[in-house]
S.K.: 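Here it is, the structure, as structure tokens.
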Amino acid sequence: MIDLIFPDGSKRQYDDGVTGKQVAASIAPSLAKRAALIKLDGELLDVDRPLPKGGQFEILSRDSAAALETLRHDTSHIMAQAVQELFPGTQVTIGPSIEDGFYYDFARDEPFSLDDLPKIEARMKEIVDRDLPLVREVWKRDEAIAHFKSIGETYKAEIIEGIPAGEDVSLYRQGDDWKDLCRGPHFPSTKFIGKAFKLTKLAGAYWRGDHRNAQLQRIYGTAWASDADLEAHVTRLEEAEKRDHRKIGRAMDLFHMQEEGRGMVFWHPKGLTLWHTVESYIRRRMDAAGYVEVRTPQVLDRVFWEKSGHWEKYRPNMFVCETEEGEELALKPMNCPGHVQIFNHGQKSYRDLPLRMAEFGACHRYEPSGALHGLMRVRAFTQDDGHIFCREDQIEEETTRFIELASSIHADFGLERDHIALATRPEVRAGSDAFWDKAEAQMLSAARKAGVEPVIAEGDGAFYAPKLDFLLKDAIGRQWACGTIQLDYVLPERLDADYVGEDGQKHRPVMLHRAICGSMERFIGVLIENFAGAFPLWLAPVQVVVATITSDADDYARQVAKALVAKGLRVETDLRNEKINYKVREHSLAKTPVIAVVGRREAELGQVALRRLGSDGQEILDLASAANALALAATPPDIARNAGGVERAGEAG
RNA sequence: GCCGCUUUAGCUCAGCUGGUAGAGCACCUCAUUCGUAAUGAGGGGGUCACAGGUUCGAGUCCUGUAAGCGGCACCA
């Protein structure tokens with residue numbers, strides 16, 4: 001006998017070997033009909049599978065949130081069956097559920113075309129209508145291998161060959177003759193899957209994720225419990241597309257890229273204004289946090305990069321040039337070795353540590369062509385780089401301080417943090433296990449001291465040390481990696497950095513590599529997408545447009561603009577011979593935060609009518625108070641805080 | 001780098017099965033001076049990504065190259 005505890009807390013006893021469906025039937029026949037999946041002590045099971053033990057028991061319907069992943073997984077199997085029915089000779093490989101949907105990788109000589117997707121979708125719906133039972137079968141490993149080999153499914157056979165000998169494997173039968181290796185669980189039959197799915201894209205993907213292996217054809221799809229959910233998802237995608245920084249960058253005239261400079265950005269005046277605003281802000285924060293700013297050479301002799309170790313490992317990804325005299329030089333792919341040179345210049349004492357060195361360092365990396373993506377992945381980029389040279393016993397405190405600094409900065413940009421990832425030792429690595437134990441523990445404990453519990457990213461660390469990565473969330477919930485801090489014992493050793501300790505002996509400092517934006521290009525791309533171009537006042541490239549109603553007000557409009565500029569605001573005037581409706585529409589679409597409308601009335605009374613983006617009302621103020629109010633509202637958050645702090649201190653005193 | 005798709009005016013796109021290019025917005029000119037999301041009229045603008053090929057004839061068909069896009073791999 002087994003004991004089952006139901007969600008309402010009640011407890012009942014059942015015979016051994018009872019299935020979830022039988023339990024459901026014992027409660028209500030309608031429940032048994034609806035049962036799509038069983039949850040037993042948190043584990044999901046097929047409804048027809050005998051329960052292996054007692055425990056917390058729940059019957060899930062197809063539209064419960066916990067069943068969504070299974071629904072997507074099932075949909076991928078249906079797609080595999082549909083593809084094999086339509087395109088005989090196609091081999092199946094793997095087909096997992098992913099965020100919002102699923103994919104399946106197929107091996108087929110001829111490529112699928114986009115036109116095939118509707119056909120496959122139609123066949124999938126037909127399979128749903130057939131209401132084929134999904135039946136779990138347990139096979140001997142070797143028999144399963146022989147089976148898949150006999151039907152020409154070499155990839156499946158290879159997967160099973162990876163399972164230890166003697167272990168049984170589970171196969172799911174979909175109808176009479178379609179079978180797939182699968183751990184399960186699945187819904188009872190294809191009808192449960194429903195039709196709220198859509199095949200979305202074709203892609204190439206390497207077998208087992210390794211580029212040395214054969215390339216398979218991947219079909220992506222999205223699947224939901226209801227048509228309404230599917231529609232909402234499609235709408236979300238459309239929204240995301242509207243925010244694309246490449247689109248907005250063009251529309252707002254921020255930057256462009258062109259063929260002759262792949263992965264390189266031409267920053268237009270407005271884009272560079274945005275850049276400068278971000279850079280000035282970061283610089284102020286770095287100054288306040290005790291960093292010294294430096295600048296290191298753009299191009300250095302090959303010998304230098306050989307010494308740092310980059311030549312050997314990253315030569316194919318470096319831009320290299322040769323001089324008339326035959327010297328080989330390379331554009332810097334990173335700033336760290338340069339910073340070590342500054343550290344090494346002159347003798348350092350333990351009293352100089354921690355030494356925090358920052359640089360807006362322009363770097364060049366020859367990224368693979370397929371990796372380029374707007375501002376997000378470029379070949380010429382500027383890191384808000386920084387290196388903290390410190391003693392080993394200062395690592396934790398410096399890391400904690402950095403996490404706090406980065407968190408505050410991200411918050412000022414309106415970016416919410418999803419989580420911090422602790423990337424741990426990779427398979428190929430330098431250093432002993434004892435070293436990694438210690439280093440990982442240091443990063444973990446530093447994060448906890450800053451009040452965050454990192455999510456472990458197993459094996460994602462650099463080859464010389466672990467790192468913490470900041471994963472931010474934008475306005476529509478997408479994640480972006482911005483900001484990192486990583487430990488490094490290797491580079492100080494290679495470049496022979498040292499300081500004199502209290503004991504008068506030379507010691508090796510530890511380096512902490514850190515960045516808050518990552519790359520300025522990428523960070524600006526994230527900001528554009530986060531705000532969909534509607535920047536907060538302090539970031540907006542153009543903060544105020546002074547627009548006239550008739551040409552009578554032209555002189556006054558110039559006077560208004562001058563007064564606003566004098567307050568440090570970024571202002572444009574629109575004196576065109578156009579109707580005010582037209583101007584308001586145009587500047588609203590351009591996401592200008594404030595339109596200051598002036599007509600004859602304002603000119604006579606010395607006023608301005610302010611219209612803020614997103615509201616259709618207007619606020620009529622005299623010029624001086626409008627200028628003051630806007631200047632105050634446009635104050636960068638760090639300066640606003642400091643001003644507030646001074647006032648509060650004054651009050652307290 | 002690999003797989004697939006795409007490339008027509010500054011932007012967004014139309015151009016059926018081959019018969020030497022079209023719209024809206026933007027731009028320029030003129031008229032209009034109009035109080036909070038598009039005033040009207042006129043005008044200029046294209047080696048149809050590039051290079052070959054098939055054809056009497058190619059934006060349209062074929063091949064190659066490049067770039068862009070979506071993935072994969074990569075990301076010090």
Side-chain angles (χ1 to χ4, degrees), chain A residues 103 105 108 110-117 200-220 241 244 246-247 250-251 253 256-263 305 308-318 332-337 363 365-374 376-379 381 383 460 462-465 467 481 484 486 488 490-491 513 518-519 522 547-554 575-590 595-602 609-613 615-618 620:
Chain A
Y103 67 78
D105 286 347
R108 177 176 180 239
E110 208 183 316
F112 291 112
S113 87
L114 246 25
D115 301 333
D116 294 329
L117 299 189
T200 51
K201 52 198 174 196
L202 286 172
Y206 298 106
W207 168 235
R208 299 200 145 152
D210 189 328
H211 68 278
R212 289 162 300 192
N213 289 341
Q215 190 150 29
L216 308 169
Q217 297 186 64
R218 176 171 299 179
I219 302 178
Y220 282 94
E241 209 175 310
D244 191 312
R246 292 164 296 193
K247 216 174 245 188
R250 190 164 46 231
D253 197 18
H256 86 269
M257 297 167 104
Q258 63 190 47
E259 258 190 59
E260 296 85 344
R262 299 195 63 191
W305 302 109
S308 74
H310 292 97
W311 189 268
E312 187 196 359
K313 190 149 194 249
Y314 295 109
R315 166 68 190 85
N317 298 311
M318 287 168 74
K332 69 173 170 185
M334 50 168 16
N335 309 297
C336 347
C363 297
R365 294 180 187 176
Y366 188 76
E367 301 286 6
S369 56
L372 302 177
H373 179 91
M376 302 307 193
R377 188 85 179 269
V378 288
R379 285 179 174 162
F381 57 99
Q383 291 180 316
D460 269 357
F463 77 93
Y464 48 84
K467 57 175 179 170
T484 182
Q486 51 193 74
D488 187 359
V490 176
L491 203 61
H513 305 253
S519 96
R522 182 187 159 78
T548 50
I549 295 171
T550 64
S551 53
D552 295 346
D554 285 3
L575 309 182
R576 290 175 302 170
N577 179 9
E578 294 289 351
K579 290 187 173 167
I580 193 61
N581 283 339
Y582 180 86
K583 294 185 184 181
V584 165
R585 175 180 154 83
E586 195 169 273
H587 300 301
S588 299
L589 289 174
I595 304 172
V597 177
V598 294
R600 197 172 301 154
R601 201 187 304 146
E602 284 75 14
L610 300 183
R611 182 189 167 112
R612 286 164 201 270
L613 185 63
S615 87
D616 46 9
Q618 42 179 326
I620 298 175

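Naming convention: chains lettered A, B, ... in sequence-line order (proteins, then strands); numbering from 1 in each chain.
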S.K.: Regarding A:N317, tell me which of base, sugar-phosphate or nothing describes its non-hydrogen contacts under 4.0 Å with the strands shown.
M.R.: base

S.K.: Spell out yes or no: do the side chain of A:R377 and the base of B:C74 have one donor N/O and one acceptor N/O closer than 3.5 Å?
M.R.: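 By the distance-only test, yes, there is a pair.
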
S.K.: Using a heavy-atom cut-off of under 4.0 Å over every strand shown, decide if A:I595 touches base, sugar-phosphate, or nothing.
M.R.: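 Contact class for A:I595: none.
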
S.K.: What contact category does A:A609 fall into here, base, sugar-phosphate, or nothing, at under 4.0 angstrom with non-hydrogen atoms?
M.R.: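 Contact class for A:A609: base.
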
S.K.: What is the nucleic acid contact for A:E578, judged by heavy atoms within less than 4.0 Å: base, sugar-phosphate only, or nothing?
M.R.: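 Since a base atom lies under 4.0 Å of A:E578, the category is base.
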
S.K.: Taking any strand in view, what nucleotide pairs with B:A31 in a Watson-Crick or G-U wobble way, both distances under 3.5 Å?
M.R.: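 Because both required distances fall under 3.5 Å, B:A31 counts as paired with B:U39.
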
S.K.: If you check the A:Y220 side chain, which of B:A73, B:G71, B:A76 turns out closest?
M.R.: B:G71

S.K.: So A:I580, base contact, sugar-phosphate only, or nothing? Heavy-atom distance under 4.0 Å.
M.R.: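 If one applies the 4.0 Å heavy-atom cut-off, A:I580 turns out to touch the sugar-phosphate alone, with no base involved.
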
S.K.: Would you say A:R246 reaches B:C69's phosphate, i.e. side-chain N/O to OP1/OP2 under 4.0 Å?
M.R.: yes

S.K.: Any N or O donor-acceptor pair under 3.5 Å from the base of B:G35 to the side chain of A:E602?
M.R.: yes

S.K.: How far does the P atom of B:C3 sit from the matching atom of B:U55, given to the nearest Å?
M.R.: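 Here B:C3 and B:U55 have their P atoms 31 Å from each other.
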
S.K.: Is any N or O donor-acceptor pair between the side chain of A:R585 and the base of B:A38 shorter than 3.5 Å?
M.R.: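 Donor-acceptor pair under 3.5 Å: yes.
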
S.K.: When we call it a touch if two heavy atoms are under 4.0 Å apart, what does A:Y582 touch: a base, just sugar-phosphate, or nothing?
M.R.: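 If one applies the 4.0 Å heavy-atom cut-off, A:Y582 turns out to touch the sugar-phosphate alone, with no base involved.
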
S.K.: For B:G68, take OP1 and OP2 only and decide whether either is under 4.0 Å from a side-chain N or O of A:R262.
M.R.: yes

S.K.: From the options B:A37, B:U33, B:G4, select the nucleotide whose nearest atom is closest to the side chain of A:P111.
M.R.: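 Minimum distance to the A:P111 side chain belongs to B:G4.
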
S.K.: Measure from the side chain of A:R600, starting at C-beta and using heavy atoms only, and say which of B:G4, B:G70, B:G35 lies closest.
M.R.: B:G35

S.K.: Would you say A:H373 reaches B:G70's phosphate, i.e. side-chain N/O to OP1/OP2 under 4.0 Å?
M.R.: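 For A:H373, the contact criterion (side-chain N or O under 4.0 Å from OP1 or OP2 of B:G70) is met.
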
S.K.: Whole-Å distance between B:C5 P and A:L117 CG?
M.R.: 12 Å

S.K.: Among A:K579, A:R585, A:E586, A:E578, whose side chain to side chain donor-acceptor pair (under 3.5 Å) with A:Y582 holds?
M.R.: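 Only one of A:K579, A:R585, A:E586, A:E578 forms a side chain to side chain donor-acceptor pair (under 3.5 Å) with A:Y582, namely A:E586.
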
S.K.: Quick one: does any side-chain atom of A:R365 pair with a main-chain N or O of A:N317 as donor and acceptor, under 3.5 Å?
M.R.: no

S.K.: Find the partner of B:G70: check Watson-Crick (N1-N3 plus N6-O4 or O6-N4) and G-U wobble (N1-O2, O6-N3) distances, both under 3.5 Å, and reply none if neither fits.
M.R.: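 Partner of B:G70: B:C3.
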
S.K.: Closest to the A:M334 side chain: B:A76, B:A37, B:A66?
M.R.: B:A76

S.K.: Using a heavy-atom cut-off of 4.0 Å across all strands, would you classify A:G309 as base, sugar-phosphate, or nothing?
M.R.: nothing

S.K.: Measure CD/A:E259 against P/B:A51 and give the value in whole Å, please.
M.R.: 13 Å

S.K.: In whole Å, measure the gap between the C1' atoms of B:U20 and B:C56 for me.
M.R.: 13 Å

S.K.: Have a look at A:A371 and say if it touches a base, only the backbone sugar-phosphate, or nothing, with a 4.0 Å heavy-atom cut-off.
M.R.: base

S.K.: B:A76, B:G35, B:U36: which one has an atom nearest the side-chain heavy atoms of A:R601?
M.R.: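 So the side chain of A:R601 is nearest to B:G35.
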
S.K.: Of the nucleotides B:A76, B:A37, B:A73, which one has an atom closest to the side chain of A:Y206?
M.R.: B:A73

S.K.: At 4.0 Å (heavy atoms only), tell me whether A:A203 reaches a base, stays on the sugar-phosphate, or touches nothing.
M.R.: base

S.K.: NA contact type, A:K579, heavy-atom cut-off 4.0 Å: base, sugar-phosphate, or nothing?
M.R.: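 The residue A:K579 makes base contact.
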
S.K.: With both distances under 3.5 Å as the test, what is the Watson-Crick or G-U wobble partner of B:U17?
M.R.: none

S.K.: If you compare every side-chain N and O of A:K313 against the phosphate oxygens of B:A76 (OP1, OP2), does one of them come in below 4.0 Å?
M.R.: no

S.K.: Once you apply a heavy-atom cut-off of 4.0 Å, does A:R218 come out as touching a base, just sugar-phosphate, or nothing?
M.R.: sugar-phosphate

S.K.: May I ask you to evaluate whether A:R250 reaches the phosphate of B:U12, defined as a side-chain N or O under 4.0 Å from OP1 or OP2?
M.R.: yes

S.K.: Do A:R212 and B:A73 have a side chain to base donor-acceptor pair shorter than 3.5 Å?
M.R.: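 Answer is no: no donor-acceptor pair is held.
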
S.K.: Kindly assign one of parallel, tilted or perpendicular to the pair A:W305 and A:H310, based on the angle between their ring planes and the thresholds 30° and 60°.
M.R.: perpendicular

S.K.: Examine distances only and state if a side-chain atom of A:Q217 and a backbone atom of A:E110 form a donor-acceptor pair shorter than 3.5 Å.
M.R.: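 Judged by distance alone, yes, a pair lies under 3.5 Å.
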
S.K.: From A:R212 CZ over to A:Y206 OH, what is the distance, rounded to the nearest 0.5 angstrom?
M.R.: 11.5 Å

S.K.: Determine which nucleotide pairs with B:G10, using a 3.5 Å limit on both distances of a Watson-Crick or G-U wobble pair.
M.R.: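 With both distances under 3.5 Å, B:G10 matches B:C25.
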
S.K.: Examine distances only and state if a side-chain atom of A:R379 and a backbone atom of A:E367 form a donor-acceptor pair shorter than 3.5 Å.
M.R.: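 Between the backbone of A:E367 and the side chain of A:R379 there is a qualifying donor-acceptor contact (under 3.5 Å).
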
S.K.: Looking at A:R611 and B:A37, is any side-chain donor or acceptor paired with a base atom of the opposite kind under 3.5 Å?
M.R.: yes

S.K.: In whole angstrom, give me the gap between the P atoms of B:U17 and B:G64.
M.R.: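 Each nucleotide's P atom is 23 Å from the other's.
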
S.K.: At 4.0 Å (heavy atoms only), tell me whether A:Q618 reaches a base, stays on the sugar-phosphate, or touches nothing.
M.R.: base

S.K.: Side-chain N or O of A:T550 less than 4.0 angstrom from OP1 or OP2 on B:C34?
M.R.: no

S.K.: Which nucleotide in the set B:G35, B:A76, B:U33 lies at the smallest distance from any side-chain heavy atom of A:S551?
M.R.: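 Of the options given, the side chain of A:S551 lies nearest B:U33.
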
S.K.: Using a 3.5 Å distance criterion without hydrogens, assess whether the side chain of A:R522 forms a donor-acceptor pair with backbone atoms of A:A481.
M.R.: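 Yes.
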
S.K.: Would you find a donor on one side and an acceptor on the other, under 3.5 Å apart, between the side chain of A:T200 and the backbone of A:Y220?
M.R.: yes

S.K.: Could you tell me how far B:G52 sits from B:C27 if I compare only their P atoms? Round to whole Å.
M.R.: 38 Å

S.K.: Now, which nucleotide makes the Watson-Crick or G-U wobble pair with B:U47, with each of the two distances under 3.5 Å?
M.R.: none

